[in-house]
Protein chains: 2
Amino acid sequence: MKLTSNRSPNPLSSSCEQCGLSNLCLPLAIAGEDLSRLDAVVKRDSMYARGSKVFAQNAPFTSCFVVKSGAVKTSMMSERGDEKVLGFYLPGEMFGLDGVNDGAYACSAEALERSAICEIPFEHLEQLARELPHLQRYLFRLMSREIHGAEELSMLLSKNTADERIVSLFLTLSSRHARRRLSPTRFSLPMSRGDIANFLGLAVETVSRVLNRLQSQHLVKVNGRTVELLDIEALQRQLQQPAEPCISAIKLMDRP
Amino acid sequence: MKLTSNRSPNPLSSSCEQCGLSNLCLPLAIAGEDLSRLDAVVKRDSMYARGSKVFAQNAPFTSCFVVKSGAVKTSMMSERGDEKVLGFYLPGEMFGLDGVNDGAYACSAEALERSAICEIPFEHLEQLARELPHLQRYLFRLMSREIHGAEELSMLLSKNTADERIVSLFLTLSSRHARRRLSPTRFSLPMSRGDIANFLGLAVETVSRVLNRLQSQHLVKVNGRTVELLDIEALQRQLQQPAEPCISAIKLMDRP
DNA sequence: AACATTCTTTGAGTTGGGTCAATTCAGCTA
DNA sequence: TAGCTGAATTGACCCAACTCAAAGAATGTT
């Protein structure tokens, strides 16, 4: 449930100061557009308790949202009734754009920890986009980026080992932290092991085991929800190199 | 390579007649907008040979495309250098929208068979969208649908058995055929087994085996690239029911 | 028609990661 | 500070799907 709902005089630009880099206002600021027009369309700016829903799957689509502090996960219910985590959103990132199509949210969104989230009614944004060409273009870009992000997830889930999936998640989180000028090597995971496992298409037990493995290889150091990447380059290499077919090679060598 | 490039007087509305239902023009026609404005922005309408690229990954983004006849696959190259098939596009469907973000196509697109494809320079579309509110909204919807589609693929790749993935693909293709008022029970697969396997995150051999299994269950009939769905409802049930944990049950019963 | 090439199927054997079960740990509340 | 509850870890075992290998179809080429 929402905790507070304080209407700030200029929520979007204040978002920039709070989270270092708001996806929404930065490009517009660069483009030199009038931000006051945008302020008017921002509905509210609320606190969400950990575990509370921002919107539910199939609820009528009204707004998209920007994380100002905290973290959010989006997930989808399958026909069989089990949940699939689709993404994690950190401060400065926008979510809720997949509901535009048929007027209902395709996924639900939930705060992973106490979070400040600002809501932007899409209809207003749409209308304003007609008058501000940069805003229209920016929205197209945001949605395109979301397509790309979902495609990358499909890619990750396709033919990658458990180790690669975890490493990939860590590196993605790392670079997203870097964009906000936070440490790319040391950060905390706002989501549970269960969420990580679900997101990466693994079992919780596997996540746990992989974390230990990476730790024993001195690639990362994990302590509860705190991660430290000890050797980012080695981690990146792990995603590029094809997993060596060591066993087949040995088999070949064993032949007379 | 492109084979011909004949500029038709009204490519968009002719697309409707050709493919039964063009995603692009239908909602606009409903909205009563002036289609002639749209005709002007459509660049060309070309034939592509089987296997020829419509655009390559990382090439500068200029246009989005609509399939008029034939079929297209989009795919992405991983850092390791292997291909991941991201989607199949049938007549009336638009592709190439994931390049808006950073000015380069995020995936490449290739004709699966001899295909007629019409190209729409995005910049023109964007500009026109400012003047035609319905077009702007329609583009947002299209992109939102694309996000949704990619999310569903992630979902499919996450925790589904090989059988479920194949069934899901068949049912999706079926309903897409139905939208074009073609038979939902009997259609041909424009893509190879390899493409199917890659798209579904499986090995080719597994696809082949699953196809046989479904056939022996009298759920489908497959002959080369022709599929017949013998019992759509049974297929749908297979996706809803949780895979019965028969073995555990037996184990429990065996206990003294 | 014979050949070459690619696509598809079938068989045999292996394994990465899942499931189940049992602890251990961490965060709360009282 | 003990006690409770859900989260995380660890171990043992197993299976769905992968890999490797080879045969069989289909398709194109000369």
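Atoms considered below: every heavy atom in the structure, side chains included; atoms not considered: hydrogens, waters and symmetry mates. Within every chain, numbering begins at 1; the chains are lettered A, B, ... in the order of the sequence lines, protein sequences first and strands thereafter.
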Margin query: If you assign each of A:Glu205 and B:Arg209 to its closest nucleotide in DNA chain C, which residue comes earlier from the 5' end?
Written below: B:Arg209
Note to self: Applying a 4.0 Å non-hydrogen cut-off, can you work out what B:Leu211 is touching in the nucleic acid: base, sugar-phosphate, or nothing?
What the structure shows: nothing
Next item on the list: Could you tell me the separation between the CG atom of B:Asn160 and the P atom of D:dA16, rounded to a whole number of Å?
Entry: 15 Å
Item checked: Shortest side-chain distance from B:Ala203, nucleotide among D:dA17, C:dT19, D:dT19 -> D:dT19
Notebook entry, point to check: Expressed in angstrom and rounded to an integer, what is the separation of B:Arg213 atom CZ from C:dT9 atom C1'?
Noted result: 14 Å
Check: Start at the 5' end of DNA chain C and walk down; is the nucleotide closest to A:Val204 or to B:Arg50 reached first?
Finding: B:Arg50
Notebook entry, point to check: So does B:Glu93 pair up with B:Arg179, basic N to acidic O under 4.0 Å?
Noted result: yes
Next item on the list: Identify which nucleotide among C:dG11, D:dA17, D:dT9 has an atom closest to any side-chain atom of B:Thr161, counting heavy atoms from C-beta outward.
Entry: D:dA17
Check: What's the CD1-C1' distance between B:Ile196 and D:dA17, to the nearest Å?
Finding: 17 Å
Checklist line | Non-neighbouring partners of B:Arg213 that pass salt bridge (charged side-chain N to carboxylate O under 4.0 Å, His left out), sequence neighbours left out | finding: B:Asp163
Next item on the list: Could you work out which one of D:dA8, C:dT8, D:dG11 sits closest to the side chain of B:Ser192?
Entry: C:dT8
Checklist line | Integer-rounded Å distance: C:dG16 P and B:Leu202 CG | finding: 18 Å
Check: Counting only non-hydrogen atoms, which of residues 216-230 of chain B are less than 4.0 Å from DNA chain D?
Finding: none
Next item on the list: Before accepting this row, confirm whether a basic side-chain N of the pair B:Lys73/B:Glu83 lies closer than 4.0 Å to the acidic partner's carboxylate O.
Entry: yes
Next item on the list: Tell me which nucleotide among D:dC18, D:dA17, C:dG17 gets nearest to the side chain of B:Asp163.
Entry: D:dA17
Check: Does a salt bridge link A:Glu164 with B:Arg80, judged by any charged N lying under 4.0 Å from a carboxylate O?
Finding: yes
Check: How about A:Tyr89 and A:Phe65: are their ring centroids closer than 6.0 Å?
Finding: no
